[in-house]
Amino acid sequence: MSNLRRVPIGIVGASGYGGVQLVRLLMDHPAVELVYLGGDSSAGKQFAELYPHLADAVTQQIKPVDPEVIAQSCEIVFLSLPNGLACQITPQLLEKGCKVLDLSADYRFKDLATYTSWYNTQRSDQATAQAAVYGLPELYRDRIAEAQLIGCPGCYPTASLLALSPLLKQGLIVPETAIIDAKSGTSGGGRQAKVNLLLAEADNSLGAYNVARHRHTPEIEQICTDLAGHEITVQFTPHLIPMVRGILATVYATLRDPGLVRDDLITIYKAFYRNSPWVKVCEAGTYPQTKWACGSNLCYLGIEVDQRTGRIIVMSAIDNLIKGQAGQAIQCLNVMMGWDETLGLPKFGFYP
Ligand SMILES: NC(=O)C1=CN([C@@H]2O[C@H](COP(=O)(O)OP(=O)(O)OC[C@H]3O[C@@H](n4cnc5c(N)ncnc54)[C@H](OP(=O)(O)O)[C@@H]3O)[C@@H](O)[C@H]2O)C=CC1
Ligand SMILES: CC(=O)N[C@@H](CCC(=O)OP(=O)(O)O)C(=O)O
């Protein structure tokens, strides 16, 4: 690995939560070199002014965003920006020959009409959106390997889809019975100040939000539909939980075959993910906790069957900032470049 040429990469939105995770992980990645960090209100500041604990490793200044300048020095560009901004610079970056990995929702949807109705923005770059590949390597590894543009999944869709995929792909559930009950830590809302994410608001409290209208619903449905081969709708309810990092998605669905027991399903899940180093299927009776995943790129899946109701219950735990965001984007980079899928990514969580 030490003989690998270091590929020059840039991160736009380096000052945000996704950006700093990308910096932290990529500064130790053996095959890349960080050559450009970009931002908006932070432009002109030293990156280390914002994140002093990384000062020994990162000496760059954050620059204003200019696709011409970025393309002159970078072969790969990560975009970690609020929704609606990546689509303004991606076509230019692609034209200049860069590969682009977008962490926002801009390139997750094949059908721009779905994006514009859920994200309240007008766009006309349908051709670019069509060419993008959904960045969930466990499902689309081959397409990612060939892509120039990746639309990395949202954090809730990552946890939810990894739980649902084996069931939908193999027709094991009645699809319309699927219910996703998910909880996220506050870092899911990004670094910008928001009242509901203040400690005094979020602490000692647990509540649902955007019920029956969260924008991750159509994203989850798009991929479920692709897996099942026919239109799927799901019920998705997100909750904000008083912790900083992590998502636990608990998925319920009615099994088509009431004779299936927990051990059968664990065997099916293990076979489905046998070539996926970042998914860990728990042994019978073990249910995942977000603290296992925090700091790591792993998704832990726990599986149970309630013989009484005929439902499968799948619990999926990830770190929203790693497997749910920056780590997954790096996993996609590794696949795109033909590198080992685990390169530069953390295996173990940091708690306890
Ligand atoms: N947080 C999470 O768990 C997840 C987030 N995502 C998605 O990833 C993306 C980034 O999220 P996150 O890191 O949380 O967001 P943050 O709010 O933490 O960071 C946003 C970044 O975008 C930069 N930025 C904002 N406006 C502009 C602009 N006009 N031009 C250039 N840069 C700009 C900010 O720069 P500056 O500070 O200099 O103003 C900052 O670096 C979002 O689309 C989010 O939805 C995806 C999965 C999980
Ligand atoms: C706790 C919290 O606020 N979470 C965010 C999810 C962040 C994310 O992954 O969303 P996108 O990448 O699709 O923007 C939310 O519910 O909007």
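Counting starts at 1 for both ligands and their atoms, in listed order.
- Proximity of G185 to ligand 2 is established by a heavy-atom distance of less than 4.0 Å.
- Counting all heavy atoms, side chain and backbone alike, E341 lies closest to N334 at O-ND2, 3.4 Å.
- Numbered from 1 in the order shown, with element, the atoms of ligand 2 that lie under 4.0 Å from a heavy atom of C155 read 6 (C), 7 (C), 8 (C), 9 (O).
- Between Y156 and Y209, the two ring planes are tilted [angle within 30° to 60°].
- For ligand 2, none of its N or O atoms has an N or O atom of Y156 under 3.5 Å away.
- Residue-ligand proximity, H214 to ligand 2, at heavy-atom distances under 4.0 Å covers atoms 15 (C), 16 (O), 17 (O).
- In this structure, atom 6 (C) of ligand 2 lies nearest to the protein heavy atom G188 O, 3.6 Å.
- Between E219 and ligand 2, a contact under 3.5 Å exists for no N or O pair.
- The two residues Y36 and V12 make their nearest non-hydrogen contact at CE2-CG2, 3.9 Å.
- Of the protein's non-hydrogen atoms, the one nearest atom 3 (O) of ligand 2 is G189 CA, 3.6 Å.
- For S104, the heavy-atom gap to ligand 2 stays at 4.0 angstrom or more.
- Contact analysis leaves Q325 out of contact with ligand 2, as no non-hydrogen atom separation drops below 4.0 angstrom.
- The residues K270 and E283 are annotated as salt-bridged, a charged nitrogen and a carboxylate oxygen being separated by less than 4.0 angstrom.
- Between K194 and ligand 2 there is no heavy-atom distance shorter than 4.0 Å.
- By the 30° and 60° cut-offs, the orientation of the rings of Y119 relative to Y115 is parallel.
- The aromatic rings of W339 and H29 lie tilted to each other, with the angle between the two planes from 30° to 60°.
- Listed by number with element, the atoms of ligand 2 under 4.0 angstrom from any heavy atom of L240 are 1 (C).
- Close N/O approach between R108 and ligand 2 is found [any backbone or side-chain N/O within under 3.5 Å].
- Nearest heavy-atom pair, E219 versus G154, reported as atom, atom and distance to 0.1 Å: OE2-N, 2.9 Å.
- S104 and L81 get closest at one heavy-atom pair: CB-O, 3.4 Å.
- Closest to atom 13 (O) of ligand 2 among all protein heavy atoms lies H216 NE2, 2.4 Å.
- Counted by atom type alone, N320 and Y17 present zero donor-acceptor pairs between their side chains at under 3.5 Å.
- Put simply, the side chain of Q325 never gets that close to the backbone of L103: no donor and acceptor are under 3.5 Å apart.
- Backbone and side-chain nitrogen or oxygen atoms of S184 are examined, and none is located within less than 3.5 angstrom of a nitrogen or oxygen of ligand 2.
- Of all heavy-atom pairs between Q60 and Q46, the closest is O-OE1, 3.4 Å.
- In this structure, the protein non-hydrogen atom closest to atom 14 (O) of ligand 2 is R215 NH1, 2.7 Å.
- The residues E75 and K99 are annotated as not salt-bridged, no charged nitrogen and carboxylate oxygen being separated by less than 4.0 angstrom.
- The residues D306 and R311 are annotated as not salt-bridged, no charged nitrogen and carboxylate oxygen being separated by less than 4.0 angstrom.
- The part of N83 lying near ligand 2 is the side chain, judged by heavy-atom distances below 4.0 Å.
- Per-residue contacts place Y209 under 4.0 angstrom from the following atoms of ligand 2 (heavy atoms of the residue considered): 1 (C), 2 (C), 3 (O), 4 (N), 15 (C), 16 (O).
- The two residues T116 and T121 make their nearest non-hydrogen contact at CG2-O, 2.7 Å.
- Sorted by chain and number, the residues within 4.0 Å of ligand 1 by heavy atom are G13, A14, S15, G16, Y17, G18, G39, D40, S41, S42, V65, S80, L81, P82, N83, L85, L103, S104, R108, C155, S187, G188, G190, R191, Q192, N320, L321, G324, Q325.
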